[in-house]
Colleague: 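First, the structure itself, so that you have it in front of you.
Every heavy atom of this structure was used, including side-chain atoms; hydrogens, water molecules and symmetry mates were not.
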Amino acid sequence: MNTPLAFWNFRALNYDAQIGPMYDDAYRRTAENSLKHLRPDDKVLEFACGTGIVTAAVAPHVASIRAIDISDEMASRASAKMET
């Protein structure tokens, strides 16, 4: 696991359960602060979306959101959250 991609793909496996709760407040505040600057007709590009914690909170409030991440595993988990 010597590359950033390998590291984040590995972390994606249990990120929400293990790490997510430690940063719940920070993720909530990030979404709230972002929404102060967004309008319902905005199209958003989110870099480093991780597992989509903030993405899922922002998406219902904008016209569209495209979220990308270095880790295909993280992005896959974020995508799955958007499908539910």
Side-chain angles (χ1 to χ4, degrees):
M1 189 177 350
N2 57 358
T3 68
L5 175 61
F7 174 82
W8 288 111
N9 277 342
F10 178 76
R11 292 302 297 144
L13 301 175
N14 55 22
Y15 186 88
D16 284 356
Q18 287 187 345
I19 304 300
M22 292 182 351
Y23 296 104
D24 273 347
D25 189 53
Y27 290 134
R28 180 189 53 75
R29 286 184 289 135
T30 298
E32 288 173 357
N33 287 327
S34 297
L35 289 171
K36 292 177 187 176
H37 304 283
L38 297 171
R39 298 182 315 261
D41 61 334
D42 282 340
K43 296 177 181 177
V44 175
L45 173 59
E46 181 184 8
F47 291 89
C49 68
T51 62
I53 296 169
V54 174
T55 313
V58 170
H61 304 281
V62 296
S64 67
I65 188 164
R66 178 161 301 209
I68 61 174
D69 198 280
I70 188 175
S71 163
D72 51 335
E73 284 296 323
M74 288 281 196
S76 176
R77 291 170 190 275
S79 180
K81 286 180 184 170
M82 297 298 100
E83 294 173 5
T84 58

Colleague: Working to the nearest 0.5 angstrom, can you tell me the gap between Ile53 CD1 and Asp24 CG?
Modeller: 7.0 Å
Colleague: Do Leu45 and Val62 share a hydrophobic cluster, counting only Ile, Leu, Val, Met, Phe, Trp and Tyr and linking them when any side-chain heavy atoms are less than 4.5 Å apart?
Modeller: no
Colleague: Looking at Arg28, I'd like to know if its CZ atom is crowded, meaning that more than 12 non-hydrogen atoms belonging to other residues, nucleotides or ligands lie closer than 6.0 Å.
Modeller: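 Counting neighbours around CZ of Arg28, more than 12 heavy atoms of other residues, nucleotides or ligands fall under 6.0 Å, so yes.
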Colleague: Please check if Tyr27 and Phe47 belong to a single hydrophobic cluster, counting links between Ile, Leu, Val, Met, Phe, Trp and Tyr side chain heavy atoms closer than 4.5 Å.
Modeller: no
Colleague: Of all heavy-atom pairs between Ser34 and Val58, which one has the smallest distance, and what is that distance?
Modeller: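 Scanning both residues completely, I find the closest heavy atoms to be CB-CG2, 4.5 Å.
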Colleague: Please confirm whether the backbone N or O of Asp72 pairs with a side-chain atom of Ser76, one donor and one acceptor, at under 3.5 Å?
Modeller: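 Checking the backbone N and O of Asp72 against the side chain of Ser76, no donor-acceptor pair under 3.5 Å is found.
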Colleague: What are the two closest heavy atoms between Arg77 and Ala12, and how far apart are they?
Modeller: NE-O, 3.0 Å
Colleague: Looking only at the side chains, is there a donor atom on one of Thr55 and Lys81 sitting less than 3.5 Å from an acceptor on the other?
Modeller: no
Colleague: How many angstroms lie between CG in Asn9 and CE in Met74, if you round to the nearest 0.5 Å?
Modeller: 8.5 Å
Colleague: Of all the heavy-atom pairs spanning Gly50 and Asp69, show the shortest one and how long it is.
Modeller: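 In this case the closest contact between Gly50 and Asp69 is N-OD2, 2.7 Å.
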Colleague: Grab the two heavy atoms, one from Met82 and one from Ala56, that are nearest each other, plus how far apart they are.
Modeller: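 Closest approach of Met82 to Ala56: CE-CA, 3.2 Å.
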Colleague: With side chains defined as the heavy atoms from C-beta onward, is the minimum distance between Thr3 and Phe7 less than 4.5 Å?
Modeller: no
Colleague: Would you call Arg66 and Lys43 a side-chain contact if the rule is heavy atoms closer than 4.5 Å?
Modeller: no
Colleague: Would you compute the distance between atom OH of Tyr15 and atom CZ of Phe10 and round it to the nearest 0.5 angstrom?
Modeller: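 One gets 14.5 Å once the value is rounded to the nearest 0.5 Å.
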Colleague: Sort out for me which residue in Val44, Val54, Asp42 forms a side chain to side chain contact (heavy atoms under 4.5 Å, CB included) with Ile65.
Modeller: Val44
Colleague: Over all heavy atoms of both residues, which pair between Ser71 and Leu5 is shortest? Give the atoms and the distance, please.
Modeller: CA-CD1, 3.8 Å
Colleague: Less than 4.5 Å apart, any side-chain heavy atom of Ile68 and any of Glu46?
Modeller: no
Colleague: What pair of heavy atoms forms the shortest contact from Ile70 to Pro4, and how long is it?
Modeller: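 Result for this residue pair: CD1-CB, 4.0 Å.
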